[in-house]
2 protein chains.
Amino acid sequence: MDRIDRKLLNLLQRDASGTNLDMAEAVGLSPSSCLRRVRRLRKTGIIDRIVAILNPARTGRVLKAIVTVELKLHGEQHMRRFLDLVTGEEAVSQAYAVTGETDVVLILHLRDMEEFDALCDRLFRDRTNVARFFTMMVIRTAKDETAIPL
Amino acid sequence: MDRIDRKLLNLLQRDASGTNLDMAEAVGLSPSSCLRRVRRLRKTGIIDRIVAILNPARTGRVLKAIVTVELKLHGEQHMRRFLDLVTGEEAVSQAYAVTGETDVVLILHLRDMEEFDALCDRLFRDRTNVARFFTMMVIRTAKDETAIPL
DNA sequence: GTGCAGTATGCAATAAAATTGCATGGAGAT
DNA sequence: ATCTCCATGCAATTTTATTGCATACTGCAC
């Protein structure tokens, strides 16, 4: 993990659509060396995957919401059951068990309020374990970064 | 935007490292047609970008935190100033202005608590506009998905 | 300093993939 | 039915990825 690896990772985190030739030139290596480094970074798991990031608004998911959830029962099995439940929902893009006043934080990508309503029914009102939940609708996304600084 | 485009987008959201030939076969098109579709999806902005997703733990950012922030002054210029401030911080991966009890929600990727401490100093205690903030440390990440369902 | 082992590098040949022009075929409009 | 527009597949061409191999480098023991 030297300077060149970091440079490669930074490039790939911003744009992984270029050719290996371009990248080799960008970091000052031959194409073969560059390729071998990238392969190593992938094999060792530092690079988890290479994916397309879609524009959420262009996919019809125009609403984002952040929801904090307080559970009634806090045992490990109850927590896991609830997390399994939310994880199965496609509108839930992130789900975290957290410290603090609440137990779980969700980030939702929604088509409309109707979808939110239906989701709340499934997650929070059914026979589940939810004491309270607070919804924060996202007004403005100031930053939404997939890259992790090195 | 037909069935094949959706199939392509789903594939690319999971793994954009394969060759165009593979994808063409996966969706049942010739390589040239497949390539033209993917280019169109990129050009029209449905595909925002193609990036490498790193394993956060492997990069040394082993802690995640979610922070809710209440501002003292809620005017547009104050909100914008605060959002500009947090956006400039590399540990802040997501920043949202939201409805509800709080004004801003941040998601942080941290190396250690020392970094968190320093960040709090810069964002919340300086001459800024913060009334209160609540920190939720992430205990477990149940879901962290870049793909948006179509 | 010297020698060694393990690793990274560049080069060049080869294999694979991307890209393009072009002719064909299909869907919808008139 | 005919026309237009756009997507498709094919095949030729260009570009890129991949591999073997010889060399250079790095860290380390002596």
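Chain identifiers are assigned alphabetically (A, B, ...) following the order of the sequence lines, protein sequences preceding nucleic acid strands; residue numbering begins at 1 within each chain. No hydrogens, no waters, no symmetry mates; every other heavy atom, side chains included, goes into these values.
Judged purely by atom type and a 3.5 angstrom limit, B:Asn129 uses its side chain to pair as donor or acceptor with the backbone of B:Lys72. The backbone N or O of B:Ile50 lies less than 3.5 Å from no partner atom in the side chain of B:Arg42, so there is not a single donor-acceptor pair. At distances below 3.5 Å, at least one donor-acceptor pair connects side-chain atoms of B:Arg61 with backbone N or O atoms of A:Pro149. With hydrogens and angles ignored, the 3.5 Å screen pairs a side-chain donor or acceptor of A:Asn20 with a backbone N or O of A:Pro31.
Between B:Ile4 atom CD1 and C:dG26 atom P the separation is 15 Å, expressed in whole Å. In this structure, CD of B:Glu25 is placed 14 Å from C1' of C:dA17, rounded to the nearest angstrom. Distance, B:Leu21 CG to C:dA16 C1': 8 Å, rounded to whole Å. The CG-P distance, from B:Leu29 to C:dA17, rounds to 17 Å in whole Å.
With sequence neighbours excluded, the residues forming a side chain to side chain contact (heavy atoms under 4.5 Å, CB included) with A:Glu145 are A:Arg14, A:Lys143, A:Ala147, listed by chain and number.
Heavy-atom distances under 4.0 Å link DNA chain D to A:Ser32, A:Leu35, A:Arg36, A:Arg39 of residues 32-50 of chain A, given in residue order.
Salt bridge A:Asp5/A:Arg40: present, at least one basic N to carboxylate O contact under 4.0 Å.
Here chain B contacts DNA chain D (any atom closer than 4.0 Å to a heavy atom, that is under 4.0 Å), and the contacts span D:dA7 to D:dC10 from 5' to 3'.
Other residues, nucleotides and ligands place no more than 12 heavy atoms under 6.0 Å from the CD atom of A:Glu25.
With B:Arg80 as the fixed residue, the side chain to side chain donor-acceptor pair (under 3.5 Å) test singles out one of B:His78, B:Gln77, B:Glu76: B:Glu76.
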